[in-house]
Structures are given as C-alpha cells and as structure tokens.
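These numbers come from a predicted model, not from an experiment.
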Amino acid sequence: MNTSDHYESLVSLFDKQLQFAQNLQKKIIPSPGSFVSDHYHFYSYLKPFRKVGGDFYDFHFMDNGKISLLIADATGHGIDAAMITSMIKLSYSYTMKDSRINQSPSLVLKQIESDISQQMDNTFFTAIALVLDPSEEVLYFANAGHPDAVLLKANHKIELLKPNLPMLGLQQFMKTMHYFDMRINFSRNDKLLLFTDGLVDAKNPEREEFSMDRIISVVKQNPDLPINLLGSHIIDACAKFKQGQPPSDDICILGIEVDD
C-alpha cells in the first residue's frame, strides 16, 4: 500500500468512526418533542462545533410529578468530548433510578462525577442539574461551574442561577467538598434559560464576546415572547453579532416556561 492509499484508508476509517459517534449522539440526546408536560413548555437548540461535540442535555419525568433536567458541557471537542457525553448520559440514566439521589440536583451531579472519575481520570465538565416541582411552584438547582442560567420572572425581573459548586471532575482534589441545592420560586409565566459557554463566548470579527450582558439584553427586550421564540431570538442575535465568523465551540440553549 502506497502512502496515498494509506492516507485515504485512515481518512475513511476516521469518517466511519465520526459517523458512528454522530449517530450515537443523536440517539442519546432527546428530541424537543419528547418533553411533554401539563405544567411546562420546553425549548432546545443544540449545534455541535464539529459533527459531534461535548454539549449535552437530558431530562427525566419522575413518578411524583417532578421533572429532572440536566445540561452539561464536557471539555474539548469532537469524538473525545462525545465519549464523555455518552458516559454522562449513562450515569444520569442510572442515577434517575435511585430515589435517594434523584430528588437532589447536587447529589445527581455528585454521582455522575463519581461514576465518570472512576472510569476516566482528569475528566472535567460543567453542568447544571434541576428538579422542577410544579405542585410547590419551585425549582431546585445545582450549578457546577456552568454559565449562569437566566430566570425571567413574570414581572420581568431577572435573576441569575449562579454556580454553587466547582466544575465537576475536581472531586478527587476536594475530598471534603459539600454538595447542596439551591431553591427558587418558579411559577406561572416564569421563564428559565440555560446555555453552554459556546453561546456566551461566541466572537465577532473584532474578537469581542457575545457575553452574558448581550444575552440578558435580548431577554429584557423580549420579555413577553413565548420561550421558543425567546430562545430563537437569542440564537439569531448571536448569529448577527458574529457577522459570519465560523463557530469555535458547541452551542446549546434550553428554555423552560411555566404554563399559564
């Protein structure tokens, strides 16, 4: 086999591996239409930087009427990051079967972190886990080093769901770390936006970042839009801001609105 044939063979093998990873990632990330609730409207947008990426989300409906939701961002891009998201999916699915853990977002993150660290050293990712409780009109969350989530209240006031835990993967260096949940009211016509840093860090030709300030500005300008249109406005504003600059990271954005 000459050098050219060897190179083409390697390219073909890589393409097959990439296609396999892409098909797998499509299967593990739920479609927006699969989120059906009498209490919430849901919006999602996910665009990998390459064919596969490290941005991931999932949700789980519990027997007690509560809903668990997870968004995560694994470090890196491509197949390596996609492998980590597959592991997060597997761990999250098993964790949801444990009623001692699945009611607490911080314990969910702790379990996922522990599962992955046992299999792969020095694997780091940010994440937000939520538990939505429609009967109490509240949500519980744990933010592990992830960008602030934006909560738009029905009165148009904005609150930020800031990190209360460090990036996941640091457990091995912080043995005494305390995991705890945050509680916040989430009632009629409230809207919540979660996103990965690919949205916040998107750059224009002048190398300026889209930034949290611009995201919040779009939200403030469109407070009465339904969550799907508000999410679309943010994506459109980011694309306009970039002025055709090629992507440099995966982008994921989720939206949840309390039904009126």
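- With no hydrogens or angles considered, no side-chain donor-acceptor pair links T126 and D73 at under 3.5 Å.
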Q) Yes or no on side chain to side chain donor-acceptor pair (under 3.5 Å) for D115 and Q119, after CA distance, side-chain angles and deciding distance? A) CA-CA 7 Å; D115 288 345; Q119 304 301 321; over 6 Å; no
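- A donor-acceptor contact shorter than 3.5 Å is absent between the side chain of K89 and the backbone of F56.
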Q) So H60 and Y92, side chain to side chain contact (heavy atoms under 4.5 Å, CB included) or not? Walk me through it. A) CA-CA 9 Å; H60 181 84; Y92 178 65; 3.8 Å; yes
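- Side-chain contact between P226 and Y43 is absent, with no heavy-atom pair separated by less than 4.5 Å.
- Side-chain heavy atoms closer than 4.5 Å link hydrophobic residues (I, L, V, M, F, W, Y) into clusters, and following such links, even through other members, never connects I256 to I235.
- Residues I184 and I158 do not share a hydrophobic cluster, defined by chaining ILVMFWY side chains whose heavy atoms lie under 4.5 Å apart.
- Using a 4.5 Å cut-off on side-chain heavy atoms (C-beta onward), D259 and H41 make contact.
- The same ILVMFWY cluster, assembled from side-chain heavy atoms under 4.5 Å apart, contains both I71 and L165.
- Here the side chain of D190 pairs no donor or acceptor atom with the backbone of K153 at under 3.5 angstrom.
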Q: Test E257 against N228 for side chain to side chain contact (heavy atoms under 4.5 Å, CB included), laying out the working first.
A: CA-CA 9 Å; E257 179 178 4; N228 61 320; over 6 Å; no
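- Side-chain contact between F61 and V36: absent, with no pair of heavy atoms (C-beta onward) separated by less than 4.5 Å.
- Considering all non-hydrogen atoms of both residues, A144 and P166 come closest at CB-O, 3.3 Å.
- Clustering ILVMFWY residues whenever any of their side-chain heavy atoms sit less than 4.5 angstrom apart, transitively, puts V219 in the very cluster that holds I227.
- One distance of note links OG of S114 with CG of L109; it measures 12.5 Å at 0.5 Å rounding.
- Cluster annotation: I128 and I251 are assigned to distinct hydrophobic clusters (Ile/Leu/Val/Met/Phe/Trp/Tyr, side-chain heavy-atom contacts under 4.5 Å, transitive).
- Of all the heavy atoms in F141 and K162, the pair that sits closest is CE1-O, 3.7 Å.
- Judged purely by atom type and a 3.5 angstrom limit, Y179 has no side-chain atom pairing as donor or acceptor with the backbone of P105.
- The two residues S31 and S34 have their closest heavy-atom pair at O-OG, 2.6 Å.
- Of the candidates L152, I234, L230, L229, L230 is the only one forming a side-chain contact (heavy atoms from CB on, under 4.5 Å) with N222.
- We find the CG-CG distance between L194 and L199 to be 11.5 Å, quoted to the nearest 0.5 Å.
- Interatomic distance, CD1 of I253 versus CD1 of I215, reported as 7.0 Å (0.5 Å rounding).
- Checked by atom type and distance alone, the side chain of T196 pairs as donor or acceptor with a backbone atom of C252 at under 3.5 Å.
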Q: List the steps and the verdict of side chain to side chain contact (heavy atoms under 4.5 Å, CB included) for L160 and I216.
A: CA-CA 10 Å; L160 300 179; I216 292 172; 4.1 Å; yes
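- Side-chain contact check for I67 versus S37: some heavy-atom pair is nearer than 4.5 Å.
- Between F59 and F42, the angle of the ring planes goes over 60°, which puts this pair in the perpendicular group of the 30/60° scheme.
- The heavy-atom pair separating K203 from K242 by the smallest distance is O-CG, 3.6 Å.
- In terms of modelled atom types and a separation under 3.5 Å, the side chain of D181 and the main chain of S104 share no donor-acceptor contact.
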List the atom pairs, donor and acceptor, that lie under 3.5 Å between side-chain atoms in residues 129-138 and the rest of the protein, sequence neighbours left out.
{"from": "D133", "atom 1": "OD1", "to": "S135", "atom 2": "N", "distance (Å)": "3.2"}
{"from": "D133", "atom 1": "OD1", "to": "S135", "atom 2": "OG", "distance (Å)": "2.7"}
{"from": "D133", "atom 1": "OD1", "to": "E136", "atom 2": "N", "distance (Å)": "3.4"}

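- Remark: the backbone N or O of I88 is not paired with any side-chain donor or acceptor of S91 at under 3.5 angstrom.
- F125 contributes atom CZ, which lies 6.5 Å from atom CD1 of I112 (distance to the nearest 0.5 angstrom).
- The OG1 atom of T85 sits 11.0 Å away from the CG atom of D58 when rounded to the nearest 0.5 Å.
- Side chain of S217 to main chain of D213: no donor-acceptor pair is present (N/O by atom type, distance under 3.5 Å, no hydrogens or angles).
- Shortest non-hydrogen contact noted between D148 and P163 is OD1-CD, 3.3 Å.
- Within the 4.5 Å cutoff, the side chain of L139 has heavy atoms near those of the L161 side chain.
- Looking at N204, its side chain does come within 3.5 Å of a backbone N or O of E208 through a donor-acceptor pair.
- Nearest heavy atoms, F180 versus M182: CE1-SD, 3.6 Å.
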Q: Give the intermediate values and the outcome of side chain to side chain contact (heavy atoms under 4.5 Å, CB included) for residues V108 and M96.
A: CA-CA 8 Å; V108 169; M96 285 297 101; 3.7 Å; yes
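- Here the NZ-OH distance, from K191 to Y40, works out to 15.0 Å after rounding to the nearest 0.5 Å.
- Looking only at atom types and distance, the side chain of Q103 has a donor-acceptor partner in the side chain of N64 under 3.5 Å away.
- Within 6.0 Å of atom NZ in K110, 12 or fewer heavy atoms from other residues, nucleotides or ligands are found, so the atom counts as exposed in its surroundings.
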